[in-house]
Amino acid sequence: METQTSTQQQAAKKPTVKITGAEAVVKCLLAEGVDLIYGYPGGAIMPVYDEFYKYQKELQHVLTRHEQGAIHAAQGYARVTDKVGVAIATSGPGATNLITGIADAQIDSTPVVCITGQVGSHLLGSDAFQETDIVSISTPATKWNYQITRAEEIPEIFAKAFYIAKSGRPGPVLIDITKDAQFGELEFEYEKCKKVRSYTPVPSTDPESLIQAAELINKAKKPFVVWGQGITLGKAEQEFKEFIEKAGIPSASTVLGLSALPSDHELHVGMVGMHGNYAPNKLTNECDLLLGIGMRFDDRVTGSLDTYAKQAKIIHFEIDPAEVDKNVKTDVAVMGNVKDTLRSILPLIEIRTHEAWLKKFHELYDIEYEEVIKDQVHVNGNGLTMAETIMKLNELTGGDAVIVTDVGQHQMVACRYSKFNNSRSKVTSGGLGTMGFALPAAIGAKMGAPEREVIAIMGDGGLQMNIQELGTVLQTGVPVKVVVLNNQFLGMVRQWQELFFESRYASTVMTNPDFVKIADGYGIQSKRVTDRKDLESAMKEMVESKNSYFLEVVVEMEENVFPMIPSGASVSDIRLK
């Protein structure tokens, strides 16, 4: 038997230092590179907050004014940084207030880790004060969740949580920690997770699928690409650009795919979807090959599935097997991370141009310009429009700003008219359509990318969903810019009421407070614009300001957003008016 060396004997005798579960939580966050966390304290999470107080130099905690603000801020941070956003709340109402943002993150594939406090494990199931079964509540809306009842579990569960949130198709993870687990002690060791049994984040790519896809691409006479946020999440912007340029394929974006390809790229033919551009929607049903790349064929893109691209062969580049054939039947599914699959297929693709086909997109754009865009952007007389406001913003920012939008008419206008030069420049709530998203998400985005101009665009309805987060702007001093397009209506619902419910404006008229006075009360420089002649100077003042700025633009009350595909209609039935 070998004898121990004196050094080994001393190490064996060295007393083990134990730490509390609450401190272990902080150490786990630091080990994962987290330096910013959004949250709201309460009784069941107080031990962790006590540790935050001790680690203020290493970990910045941002006190939002509502837990929904915390999760949306974490989402905005994640979307611009490619990091995992982190939100924290107490048990009961604190935890349930996170659910909307968690569901939003799930459907939009945003990597966030949510930490919630919980009553002591001996009280679980007893309807104790501020007890809710947040694990059961959040299960349908999370990628994974777990309840920690022993301090010893904390390192392993946190490592697993961050790995699952970020790997493969990203998404939200929730960790619920009982109060006794926070007070309990453990010998702390942390090892980052690299694998989880039975979890395959990136499916393997079948080489035959690449060959089959390349054959279809090389033979196609009218190929068309619809790309989504998967390009951004997969960091595949360069591979995507090289792919479409070599194949010469006209390409359109989903709402969440915007900014992955520069707006002025010659093959960028607009945006698909209910309020997308006329040409890509219309020509979806004329292409002979449709490639969905990093997108999920949701109903806002496809319209009626009975008539969607029935004439075309369909190739789907996808990382999540659950999305393949879920809505649209594919001829070839290319599985894997889109960065890898596009790189692999590129040598198999022939250099081609499709000039006549691309020209058709341009011709239909010209029709849209004459019928819709010209009147919305170049307005003489009448009130201010949302579109001209966004176009003026383009002029002043040069397409370099991060545009964060809320949900509604202004969102669709901002998606249609904003210009983007750089990836990760468009942040919005896509799949869930969450009003109140923009203000807290813009706070998170600005903190994640302080060197970039971040502008939140919202309507008067969405602003008032989370207007209290102006308090977070006040307390942090984060220099986020806010543009409120005020039409004194819940605009998108009103548009539908006008078009499909004989203008019966049921509960959509907004009686609003003086927003400028409210912003002023929060110490934020503010201005209201009601006249076209004042728009440019006010926007210039906002963009040039080094501090936060609140700009209210009073726009036409009954302006509609066109083109529009009526709900359930074919993409071919897109309306220009």
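Predicted, not measured: the structure shown is a model, and the values here were computed from it.
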Please report the shortest heavy-atom distance between [X] and [Y], naming the atom on each side.
{"X": "Q68", "Y": "M435", "answer": "NE2-O, 4.1 Å"}
{"X": "G462", "Y": "D406", "answer": "CA-OD2, 3.4 Å"}
{"X": "K143", "Y": "Q106", "answer": "N-OE1, 3.5 Å"}
{"X": "G276", "Y": "I574", "answer": "O-CD1, 4.2 Å"}
{"X": "F224", "Y": "V226", "answer": "CE2-CG2, 3.7 Å"}
{"X": "V202", "Y": "G168", "answer": "CG2-CA, 4.2 Å"}

Does the side chain of [X] come under 3.5 Å of the side chain of [Y] through a donor N or O and an acceptor N or O?
{"X": "S259", "Y": "S425", "result": "no"}
{"X": "Q376", "Y": "Y417", "result": "yes"}
{"X": "D108", "Y": "Q229", "result": "no"}
{"X": "T110", "Y": "D104", "result": "no"}
{"X": "E498", "Y": "N560", "result": "yes"}
{"X": "Q409", "Y": "N487", "result": "yes"}
{"X": "Y549", "Y": "E541", "result": "yes"}
{"X": "T428", "Y": "Q411", "result": "yes"}

Does the pair [X]/[Y] count as a salt bridge with the N-to-O cut at 4.0 Å?
{"X": "K360", "Y": "E286", "value": "yes"}
{"X": "D82", "Y": "R424", "value": "yes"}
{"X": "E318", "Y": "K326", "value": "no"}
{"X": "E323", "Y": "R296", "value": "no"}
{"X": "D320", "Y": "R169", "value": "yes"}
{"X": "E242", "Y": "K246", "value": "no"}

| field | Full working for salt bridge (Lys or Arg N to Asp or Glu O under 4.0 Å) between R416 and E368 | value | CA-CA 12 Å; R416 284 176 49 77; E368 180 182 348; 2.7 Å; yes
Over 12 non-hydrogen atoms of neighbours within 6.0 angstrom of [atom1] in [X]:
{"X": "E536", "atom1": "CD", "answer": "no"}
{"X": "K310", "atom1": "NZ", "answer": "yes"}
{"X": "E208", "atom1": "CD", "answer": "yes"}
{"X": "R452", "atom1": "CZ", "answer": "yes"}

Side chains of [X] and [Y]: closer than 4.5 Å at any heavy-atom pair?
{"X": "L342", "Y": "D340", "answer": "no"}
{"X": "T142", "Y": "I102", "answer": "yes"}
{"X": "V112", "Y": "Y77", "answer": "no"}
{"X": "I457", "Y": "V404", "answer": "no"}
{"X": "H72", "Y": "E469", "answer": "no"}
{"X": "E453", "Y": "V543", "answer": "yes"}
{"X": "P223", "Y": "H354", "answer": "yes"}
{"X": "W496", "Y": "M564", "answer": "yes"}

Any donor-acceptor N/O pair, [X] side chain to [Y] backbone, under 3.5 Å:
{"X": "S209", "Y": "V334", "value": "no"}
{"X": "T330", "Y": "I315", "value": "no"}
{"X": "E559", "Y": "M386", "value": "yes"}
{"X": "T385", "Y": "E388", "value": "yes"}
{"X": "E237", "Y": "S423", "value": "no"}
{"X": "R352", "Y": "A220", "value": "yes"}
{"X": "N218", "Y": "E350", "value": "yes"}
{"X": "S167", "Y": "A165", "value": "no"}
{"X": "T434", "Y": "F437", "value": "no"}
{"X": "N277", "Y": "M271", "value": "yes"}

| Would I345 and I349 satisfy side-chain contact (heavy atoms from CB on, under 4.5 Å), going step by step from the backbone distance to the final call? | CA-CA 7 Å; I345 202 171; I349 300 299; 4.1 Å; yes
Would you give the length of the straight line joining atom [atom1] of [X] to atom [atom2] of [Y], rounded to the nearest 0.5 angstrom?
{"X": "L267", "Y": "F361", "atom1": "CG", "atom2": "CZ", "answer": "10.0 Å"}
{"X": "I319", "Y": "N337", "atom1": "CD1", "atom2": "CG", "answer": "5.0 Å"}
{"X": "S570", "Y": "N285", "atom1": "OG", "atom2": "CG", "answer": "4.5 Å"}
{"X": "L346", "Y": "L210", "atom1": "CG", "atom2": "CG", "answer": "11.5 Å"}
{"X": "L216", "Y": "D331", "atom1": "CG", "atom2": "CG", "answer": "7.0 Å"}
{"X": "I390", "Y": "T405", "atom1": "CD1", "atom2": "OG1", "answer": "9.0 Å"}

| Would L551 and V482 satisfy side-chain contact (heavy atoms from CB on, under 4.5 Å), going step by step from the backbone distance to the final call? | CA-CA 6 Å; L551 178 63; V482 175; over 6 Å; no
| said: Under the criterion side-chain contact (heavy atoms from CB on, under 4.5 Å), I'd like the reasoning laid out for N486 against V555: C-alpha separation, chi angles, the key distance, then a yes or no. | reply: CA-CA 6 Å; N486 183 1; V555 296; 5.8 Å; no
| said: Please report whether the ring centroid of H268 lies less than 6.0 Å from that of W227. | reply: yes
| So, for F297 and H316, is the gap between ring centers shorter than 6.0 Å? | yes
| Given the rule in the side-chain contact (heavy atoms from CB on, under 4.5 Å) test, do D460 and F489 qualify, once you have shown the distances and angles that lead to the verdict? | CA-CA 8 Å; D460 46 315; F489 267 109; 5.8 Å; no
| Parallel, tilted or perpendicular, as decided by the 30° and 60° cut-offs, for the rings of Y369 and Y365 | tilted
